[in-house]
Amino acid sequence: NAGVTQTPKFRILKIGQSMTLQCTQDMNHNYMYWYRQDPGMGLKLIYYSVGAGITDKGEVPNGYNVSRSTTEDFPLRLELAAPSQTSVYFCASRTAELWQRGGKDTQYFGPGTRLTVL
Amino acid sequence: KNQVEQSPQSLIILEGKNCTLQCNYTVSPFSNLRWYKQDTGRGPVSLTIMTFSENTKSNGRYTATLDADTKQSSLHITASQLSDSASYICVVTSSGGSYIPTFGRGTSLIVHP
């Protein structure tokens, strides 16, 4: 298994440009997440998905959009990039079986995408 | 508001020494607490996970403790190695609502030879 893969690894955008960050997992996980990590700060949840066709907002969704047409893929779309979106973006996935029991779920993270908006 | 506070913010120790990292949380109702290790430039990797009924969990040289009454957790690293240099993140998940985890800012550990 490759686990969670993200592309690209690095990207520089100009203000107002758009781009899509790709995330793919091959573990057949139902739950997928997008986080951003700013320097010296904890990870903040942008969007998450509990299965194909279902997405929901996290703590910091403004300026982003997601879709989940398949179990494997969970792309994050940035429209009209702003300097405030300069950050490292992590995608993660987890199984659903222990969710309702509040049990020992573990998120598997991708390697991250470092985005700079100038 | 759910919050996770970690201390110290950074720590420098010599190879072979032990150290303890702290995590205090105000997440309620509590579901589970996890410690992650994040190497520079990489995504976080899970070290331990504990639910309400567990008060200690080990993973090799890493031992996590949980006191659900005082809402505190610690991560003890024994006989540190250079490869332990990383950021250690405490994550607490609430069982209320949509189970969104709350991340601490992490403790940056540097192990010197």
Side-chain angles (χ1 to χ4, degrees), chain A residues 2-7 9-10 21 23 25 27 30-51 54-61 87-114, chain B residues 1-10 23-54 57 59 64 66 68 86-108:
Chain A
V4 179
T5 57
Q6 293 182 235
T7 57
K9 291 185 178 180
F10 304 93
L21 281 67
C23 175
Q25 52 91 11
M27 298 173 281
N30 289 325
Y31 285 73
M32 296 187 75
Y33 306 79
W34 273 107
Y35 295 93
R36 59 177 287 173
Q37 186 176 36
D38 299 327
M41 303 296 289
L43 278 77
K44 298 292 186 183
L45 182 65
I46 304 171
Y47 270 96
Y48 67 102
S49 170
V50 302
I54 306 171
T55 63
D56 207 347
K57 296 179 181 179
E59 297 177 77
V60 290
S87 189
V88 181
Y89 291 84
F90 289 100
C91 178
S93 73
R94 62 181 292 281
T95 59
E97 285 82 5
L98 297 176
W99 184 256
Q100 282 73 18
R101 299 203 296 272
K104 300 179 182 180
D105 55 309
T106 295
Q107 290 189 344
Y108 296 87
F109 284 82
T113 294
R114 185 174 296 274
Chain B
K1 180 181 179 182
N2 291 336
Q3 287 187 314
V4 175
E5 299 290 338
Q6 292 187 241
S7 61
Q9 184 176 348
S10 62
C23 174
N24 296 337
Y25 61 93
T26 58
V27 176
S28 182
F30 175 85
S31 175
N32 61 65
L33 184 147
R34 290 166 283 170
W35 283 94
Y36 282 90
K37 178 186 179 186
Q38 185 177 20
D39 293 315
T40 301
R42 310 289 288 271
V45 175
S46 179
L47 292 175
T48 66
I49 181 169
M50 290 178 290
T51 58
F52 184 87
S53 60
E54 298 173 300
K57 182 66 68 72
N59 179 359
L66 173 65
S87 178
Y88 292 84
I89 304 172
C90 177
V91 184
V92 183
T93 301
S94 170
S95 57
S98 54
Y99 289 84
I100 294 177
T102 302
F103 287 74
R105 296 185 179 188
T107 291
S108 177

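These numbers come from the heavy atoms of this one structure, side chains and all, not from hydrogens, waters or symmetry mates. Note that the structure is predicted; figures quoted are calculated from it, not measured. Proteins come first, then strands; the chains are lettered A, B, ... in the order of their sequence lines, and each starts at number 1.
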Visitor: Which atom pair, heavy atoms only, marks the closest approach of Gln107(A) to Pro101(B)?
Guide: NE2-CG, 4.0 Å
Visitor: Looking at Phe30(B), I'd like to know if its CZ atom is crowded, meaning that more than 12 non-hydrogen atoms belonging to other residues, nucleotides or ligands lie closer than 6.0 Å.
Guide: yes
Visitor: Mind checking the CG-CD spacing from Asn2(B) to Glu59(A)? Nearest 0.5 Å is all I need.
Guide: 9.0 Å
Visitor: What part of Leu45(A) gets closer than 4.5 Å to chain B, counting heavy atoms only: side chain, backbone, both or neither?
Guide: side chain
Visitor: Measuring from Gln37(A):CD to Gln38(B):CD, what's the distance to the nearest 0.5 Å?
Guide: 4.0 Å
Visitor: For Phe103(B), run the ring-ring contact (aromatic ring centres under 6.0 Å, His included) check against Tyr33(A), Tyr35(A), Phe90(A) and tell me which one passes.
Guide: Tyr35(A)
